[in-house]
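Below: the structure, in structure tokens.
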Amino acid sequence: MGALASPSERAAIDAVLDPLIGPPDGWTGGERRAASDAHVSRGGHAARARRDLLLPALHALQSHSGWISQAGLNHICRRLTVPPAEAYGVATFYALLSTSPRPAAVAHVCDDIACRMVGAEALCTELERRYGPEGQSWSRSPCLGQCERGPAALVTVAGQAPRAVAIPFADDEAVSMQLDGAEARTEPPAGASVPQFGRDDLRLLARVGHVDPRSLDDYRAQGGYVALGRALRIGAEAVINEISEAGLQGRGGAAFPTGRKWAAVASQPAQPHYVVCNADESEPGTFKDRVLLEHDPFAIIEAMTIEGFAVGAAQGYFYIRGEYPLAEARVRGAVEAARAAGLLGSDILGTGFAFDIELRRGAGAYICGEETALFASIEGRRGEPANKPPFPVEIGLFGKPTAVNNVETLANVLTIVGSDDGAVSYARIGTQASTGTKLFCLSGHVARPGVYEVPFGTTLGELIALAGGVPDDRAIKAILLGGAAGSFVGPEALDTSLTFEGTRAAGASLGSGVVMIFDETADMVGTLRRIAAFFRDESCGQCVPCRIGTQRQEELLARLEAGEPDAVAIAELMVELGQVMRDASICGLGQTASGAIESALRRPEMMTT
């Protein structure tokens, strides 16, 4: 049987599981069957198949105790009929979960590329002086999605609700106060993340700072749920046609036509269909989705509901990264408020359309941003990608047809569907091949970091000028486009048109919208090594080319940083290694792990100090 969980551990776990699969004891078979049937009727699964509740149960235990105890894990396994070895494999997969005892409060301090430029190393040095080496009270962390207000830290606190608090503008005193039990700081105003705040030409960011993200009434007073009402009137096929007519392409990096994806799912005979919102925004330098979810969560819930109607899905899953506690709280509140108002559930707006959303919180795994790894995580398995084909539109979540879109993509849906001429008006913005507006995350050596919304076709130089340029008139050494999986370009690229086609012509990509500026003082070799370390740590380890290749890549950069004389030979070896990873890795992580590094090494002027 193994160790028994304490009463408080059992209570914490059961509080999550009981509403969905019923309590473990005291129910008759008929009562349990009725509860299970009720859940299946809204698109869920019978209790015997609810392994997808494994991650929420692990979160509940971690939140209660600060770690995953063996006794608590045993209780979860009994409730969900999951083999303990498999549950342990899942628990040890995620960086934010711990299977070893640790202090009740732990600080995760970002030392990734954006925060490195604004003092993260000094912060880590001071924490080591106060609390000793990392590993207990504090640890280094990859990007926390707070790049516009770094150096950033995330403090997880056992027994508190919410489970964690983010500390923007982190300093050693702020982190120490949190570890000592102080209350969280007041959250910064929306304008701190959106320097364009107050402009009347914004579309995706129009409500940020102008609507109370906790109030459904406020959202509806400012045009909320008009788009859903119109979608239900014109019908699913018309909605998909308008999305296609607008030319909306996915904003997660792949730029796949959204209308084509929705149409493919809608046409699948297999049932049920699912929709998934990918809010596991973990690309270093990216934070646009966080801003939307913290300040306009109802918009994404409404867009998901429209998507569910269009593709014939009764169930949606919202997967949000574990490092976004405020965004999670806002989304959870929006789902509950929409459900209470009849905007989610069995009879939305009295039309008979049934659709509901379950929220899933990630636990610190960059790879889960890959759609098939995300599905595995929701299903209660390790977040390991699957080979494609088959593609998710045919066999996706729970083996069924699935439409998965990221937050920014969904934010565009309301603009398109919200009016009779929405699709036509949308298509007039930008260029013929890249329609609409795009969100960009500016960070690094720039005067006003934050999320910016500009029409496709704006040049890179115009965007940087909009953000105030480089402080103190220092020269630009390099610009990272698309994040760690993107490419470095030099100042000669300032005239590049920020479109899908324009960046491709320049040998780069828009990726997730990262624009990180490095001035003449930047340590580029150290930056490249941090990128390599990121991919080494975040590889799921499933395939050899990525698991070993990312390790060798970081080792080669360590040799370069140490000043080994044969830099040319090292660079040539890294190019060869990168080609192997591109050719043989299962998913995009291994295929792109060397892209930014190789793009910088091709430019010797970037590597000088």
Side-chain angles (χ1 to χ4, degrees), residues 42-43 203-204 206-207 216 219-220 222-252 256-267 272-279 289 292-293 296-318 331 334-335 337-339 341-359 393 401-427 436:
R42 67 182 185 89
R203 298 164 74 90
L204 305 182
R207 280 183 293 269
L216 175 58
Y219 175 70
R220 299 189 78 170
Q222 300 195 42
Y225 281 97
V226 169
L228 175 61
R230 181 174 178 273
L232 294 173
R233 289 194 302 274
I234 66 176
E237 184 176 354
V239 169
I240 293 176
N241 289 340
E242 291 193 355
I243 296 296
S244 298
E245 182 182 358
L248 176 61
Q249 299 179 68
R251 302 298 200 248
F256 191 84
T258 303
R260 190 188 306 173
K261 179 187 293 185
W262 289 15
V265 174
S267 67
H273 296 175
Y274 293 104
V275 298
V276 173
C277 176
N278 183 350
D289 292 354
L292 288 172
L293 297 178
D296 198 12
F298 286 102
I300 312 306
I301 299 305
E302 181 183 2
M304 274 189 78
T305 309
I306 293 172
E307 181 184 18
F309 173 69
V311 306
Q315 183 67 40
Y317 285 85
F318 202 112
V331 170
V335 169
R339 190 179 292 131
L343 296 167
L344 289 174
S346 60
D347 185 22
I348 295 175
L349 293 177
T351 63
F353 167 53
F355 181 77
D356 212 335
I357 295 172
E358 287 192 27
L359 186 62
V393 296
T402 303
V404 54
N405 293 107
N406 80 334
V407 171
E408 185 188 352
T409 306
L410 290 169
N412 283 271
V413 169
L414 304 186
T415 301
I416 296 168
V417 181
S419 63
D420 291 342
D421 65 345
V424 174
S425 299
Y426 185 94

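Considering every non-hydrogen atom in both Val417 and Ala227, the closest pair reads CG1-O, 3.8 Å. When all heavy atoms of Ala337 and Leu216 are compared, the closest pair comes out as O-CD2, 3.7 Å. Here the shortest heavy-atom pairing between Asp347 and Gly352 reads OD1-N, 2.6 Å. Nearest approach of Gly418 to Val226, heavy atoms of both residues: O-CG1, 3.8 Å. Of all non-hydrogen atoms in Glu242 and Ala423, the two that sit nearest each other are O-CB, 3.5 Å. The nearest pair of heavy atoms linking Gly259 to Ile240 is O-CG2, 3.6 Å.
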Quiz item: Are Glu302 and Leu344 close enough, and set up right, to give a side chain to side chain contact (heavy atoms under 4.5 Å, CB included), and what steps lead you there?
Solution: CA-CA 9 Å; Glu302 181 183 2; Leu344 289 174; over 6 Å; no
Quiz item: When you look at Ile416 and Val239, which way does the side chain to side chain contact (heavy atoms under 4.5 Å, CB included) test go after all the steps?
Solution: CA-CA 9 Å; Ile416 296 168; Val239 169; over 6 Å; no
Practice problem: Determine, stepwise, if the pair Leu349 / Tyr225 fulfils side chain to side chain contact (heavy atoms under 4.5 Å, CB included). | Solution: CA-CA 10 Å; Leu349 293 177; Tyr225 281 97; 5.7 Å; no
Quiz item: Are Phe309 and Ile348 close enough, and set up right, to give a side chain to side chain contact (heavy atoms under 4.5 Å, CB included), and what steps lead you there?
Solution: CA-CA 10 Å; Phe309 173 69; Ile348 295 175; over 6 Å; no
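In this structure the side chain of Phe318 never reaches within 4.5 angstrom of the side chain of Val276, judged on heavy atoms. In this structure, Cys277 and Ile300 have side chains that are in contact, with non-hydrogen atoms separated by less than 4.5 Å. Side-chain contact check for Pro401 versus Val393: every heavy-atom pair is 4.5 Å or farther apart. Using a 4.5 Å heavy-atom cutoff, the side chains of Val413 and Glu307 are not in contact. The shortest side-chain heavy-atom distance between Ile306 and Leu414 falls under the 4.5 Å cut-off.
Relative ring orientation between Phe298 and Tyr219 is described as parallel, the plane-to-plane angle staying below 30° on a 0-90° scale split at 30° and 60°.
Leu228 contributes atom CG, which lies 9.5 Å from atom CZ of Arg233 (distance to the nearest 0.5 angstrom). The distance from atom CD1 of Ile357 to atom CD1 of Ile301, rounded to the nearest 0.5 Å, is 4.0 Å. With rounding to the nearest 0.5 angstrom, the OH atom of Tyr317 is 4.5 Å from the CD atom of Glu358. Within the model, atoms OG1 of Thr415 and CG of Leu204 stand 5.5 Å from one another, a figure rounded to the nearest 0.5 Å. The CZ atom of Phe353 sits 11.5 Å away from atom OG of Ser346, with the distance rounded to the nearest 0.5 Å.
Of the possible polar contacts, none joining the Gln249 side chain to the Pro257 backbone as a donor-acceptor pair under 3.5 Å is found. Remark: the backbone N or O of Val311 is paired with a side-chain donor or acceptor of His273 at under 3.5 angstrom. Under the 3.5 Å distance criterion, the side-chain polar atoms of Asp289 are left unmatched by any main-chain donor or acceptor of Ala279. Put simply, the side chain of Lys261 gets close to the backbone of Val404: a donor and an acceptor are under 3.5 Å apart.
Sorted by first and then second residue, the salt bridge (Lys or Arg N to Asp or Glu O under 4.0 Å) pairs involving residues 412-425 (not counting sequence neighbours) are Arg230-Asp420.
A donor-acceptor contact closer than 3.5 angstrom links the side chains of Thr409 and Asn406.
Under the rule for a side-chain hydrogen bond (donor to acceptor under 3.5 Å, both in side chains), the partners of Tyr426 that lie at least two apart in sequence or sit in another chain are Arg251, Asn412.
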